[in-house]
S.K.: 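Handing you this structure, nothing more for now.
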Amino acid sequence: METFPKIISVDDHTVEPPHVWRDRLPSKYRDTAPRIVRAPLREMTFLGGRFAPVMGAKGDDGPVGDWWVYEDLHRPLTRLDTAVGYSRDEIKLEIITYEQMRPGSYSVPERLADMDVNHVQSALCFPTFPRFCGQTFTEAKDRELALLGVRAYNDWTVEEWCGPDAGGRLIPLTLIPLWDAELAAAEVRRNAARGVRAVAFSEIPPFLGLPSVHGDGWDPFLRACDETGTVIAMHIGSSSRMPSTSADAPPAVGSTITFANCCFSMVDWLMSGKFERFPNLRVMYAEGQIGWIPYILERADVVWEENRAWGGVAEKVLRPPSELFAEHVYGCFFDDAFGLRNLDAIGVGNVLYETDYPHSDSTWPKSREVGEAQMGHLAPGDVERIVRGNAIELLGLTPEGLWPGP
């Protein structure tokens, strides 16, 4: 292409700097709140979709790295958290320190510079230590501290990560206390009042021991999103269970089928009746890719048409699922030539572009080149919508593609 629009990435990631909770929580939580400790690694596995690290004691043998410590949780920083700048063969499951990662992972000026290198204008970033929808705080014992932890992360996101130094180029994505839908609704409204238009949520809440979207347990939260225009953003892995086939399946199996939970989740939402009850709701699936969507919509419409009487949806899903998808659901991709060849069956208005910086799947620093290669057959107007226009409309950005701020 002679020109390629400046990218608005709807799925990048931040690695939180060590001071996020240290500077924002009362001193009485100094020994239990999230904090960084440098310690050796005893062992670390990632099999069957489950990540299992074990921290060693001071003086133990083994590679030394930085760990987030929170209550009984020990979570190391790994090369998979921040892999850009390394060759594919160098990206392994290993522990690292902050000094061993690309500074753009946690520093605003360096992030903006890396965005410039990659033809990216603006980016929405998911968290790392809290996990993709705040599961870390949901699993904590002290709920009072957990709520403070969620709010502290959101304050850091809005005021610092996406603050004045970012110049509107970093778009806030906040968390909610998943264990209480009323508290979640209050946090949505608190952040919406300062210009936030996206909140992270779990792709399959029951995997976290939480209610499904089929009942009314989430209604206060959904009502808050509906009334404030807050988009519900679900990232692969936000159910704390990556797709896999067996306990000994290598990570490559799960990496190939990462879209599967998005697929299951989307059918949940389409058959839940929530889009009928909350007509302004919008949901997006980060890093789920899009090539799988056409068949699922076709099958969902057939089931709705032929089986809705006994399928439990006749009274609550009043229109074909494909129509609900067109009005409420967005698929996100960074590398999906097949999906783009079948864009007519998805809808150009329902697709968003991403770069996944700084993860191992990221197309950085060649996201423009990947986009040009895969979208070369599309009309310029369609490319504009996919690469930035849809994101501007969905996330309430300025016409120039910037977050307008509080």
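Note that these values count all heavy atoms, side chains included, but never hydrogens, waters or copies made by symmetry. No experiment lies behind these values; they were computed from the predicted model shown.
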S.K.: Applying side-chain contact (heavy atoms from CB on, under 4.5 Å), can you list everything that pairs with Asp180, at least two apart in sequence or on another chain?
M.R.: Glu182, Leu183
S.K.: Can you tell me if CZ on Arg319 sees more than 12 non-hydrogen neighbours from other groups inside 6.0 Å?
M.R.: yes
S.K.: Within the distance-only criterion (no hydrogens, no angle test), does the side chain of His328 pair as donor or acceptor with the backbone N or O of Trp269 below 3.5 angstrom?
M.R.: no
S.K.: Could I get the full list of ring pair (Phe, Tyr, Trp, His ring centres under 6.0 Å) partners for Trp179, not counting sequence neighbours?
M.R.: none
S.K.: Return the set of residues passing ring pair (Phe, Tyr, Trp, His ring centres under 6.0 Å) with Tyr70 (not counting sequence neighbours), or none when no residue passes.
M.R.: Phe137
S.K.: Who passes ring pair (Phe, Tyr, Trp, His ring centres under 6.0 Å) against Phe334, sequence neighbours left out?
M.R.: none
S.K.: With sequence neighbours left out, write down each residue that passes salt bridge (charged side-chain N to carboxylate O under 4.0 Å, His left out) with Glu43, or none if nothing qualifies.
M.R.: none
S.K.: Considering only distance and modelled atom types, tabulate donor-acceptor pairs under 3.5 Å from the side chains of residues 53-64, sequence neighbours left out.
M.R.:
residue	atom	partner	partner atom	Å
Asp60	OD2	Ala57	N	2.8

S.K.: Report the residues that fulfil side-chain contact (heavy atoms from CB on, under 4.5 Å) with Pro26, sequence neighbours left out, ordered by chain and then residue number.
M.R.: Lys28, Tyr29, Leu148
S.K.: Give every residue pair that meets the salt bridge (charged side-chain N to carboxylate O under 4.0 Å, His left out) criterion with at least one member in residues 114-126, sequence neighbours excluded.
M.R.: Arg102-Asp114, Asp116-Arg169
S.K.: Not counting sequence neighbours, list each pair that qualifies as a ring pair (Phe, Tyr, Trp, His ring centres under 6.0 Å) and has a residue in residues 228-258.
M.R.: His13-His235, Phe126-His235, Phe132-His235
S.K.: Give me each pair satisfying salt bridge (charged side-chain N to carboxylate O under 4.0 Å, His left out) with a member in residues 222-238, each pair once, sequence neighbours excluded.
M.R.: Arg189-Glu227
S.K.: Considering only residues two or more places apart or on different chains, which pairs with a residue in residues 72-104 satisfy ring pair (Phe, Tyr, Trp, His ring centres under 6.0 Å)?
M.R.: Tyr98-Tyr106
S.K.: Could you give the distance from OG (Ser240) to CD (Glu139), rounded to the nearest 0.5 Å?
M.R.: 5.5 Å
S.K.: Output every pair passing ring pair (Phe, Tyr, Trp, His ring centres under 6.0 Å) with a member in residues 185-207, not counting sequence neighbours, ordered by first then second residue.
M.R.: Phe201-Trp218, Phe201-Phe221
S.K.: I'd like to know if Asp216 and Arg277 make a salt bridge, using a cut-off of under 4.0 Å between side-chain N and carboxylate O.
M.R.: no
S.K.: Does the pair Arg194/Asp155 count as a salt bridge with the N-to-O cut at 4.0 Å?
M.R.: yes
